[in-house]
Amino acid sequence: MDKTGARSSLPFPRMLTMDEVQEILNLGKPMVYALLRSGEIKAAQFGPRGIWRVREDDLAAYIDAAYEKTAERIASGQVPEGDPPTDD
């Protein structure tokens, strides 16, 4: 984007469907929609039916932030040593 906030380059970003987001994150649909509604994952609704789409770079940013948050929790001792990760 340029200084005015207008998009300065094309092509447009790749837009992911909810099924693709679910597959990438290996999460169920209710959890993905909860992340969208909370704003943790940036998304937009399109068309009269309000179909959700997530820009690929926004999903990458969410994943990067989750890794950072996890590292901070580990460093602060919020994740006890020997506490195995869960695969819910």
Checklist entry - Got a sec, which residues hit salt bridge (charged side-chain N to carboxylate O under 4.0 Å, His left out) with E20, two or more places apart in sequence or on another chain? => result R14
Checklist entry - Quick one: side chain to side chain contact (heavy atoms under 4.5 Å, CB included) partners of D19, sequence neighbours excluded? => result T17, Q22, K29
Item to check | Sequence-distant partners of R73, salt bridge (charged side-chain N to carboxylate O under 4.0 Å, His left out), two or more places apart | outcome: none
Checklist entry - How many angstroms lie between CG in L36 and OH in Y62, if you round to the nearest 0.5 Å? => result 10.0 Å
Checklist entry - Hey, what do you get for CG (D64) to CD (E68), rounding to the nearest 0.5 Å? => result 6.5 Å
Please tabulate, for side-chain N and O atoms in residues 37-51, each donor-acceptor pair with protein atoms closer than 3.5 Å (sequence neighbours left out).
from : atom 1 : to  : atom 2 : distance (Å)
S38  : OG     : A34 : O      : 3.3
S38  : OG     : L35 : O      : 3.0
S38  : OG     : E40 : N      : 3.3
S38  : OG     : E40 : OE2    : 3.4
Q45  : NE2    : G50 : O      : 2.9

Checklist entry - Rounded to the nearest 0.5 Å, what separation is found between the CZ atom of R53 and the CG atom of D58? => result 14.5 Å
Next on the checklist: Hydrophobic cluster membership, with links at side-chain heavy-atom distances under 4.5 Å among I/L/V/M/F/W/Y: are M15 and V54 in one?
Outcome noted: no
Checklist entry - Sequence neighbours excluded, which residues qualify as side chain to side chain contact (heavy atoms under 4.5 Å, CB included) partners of I63? => result I24, L25, L59, Y67
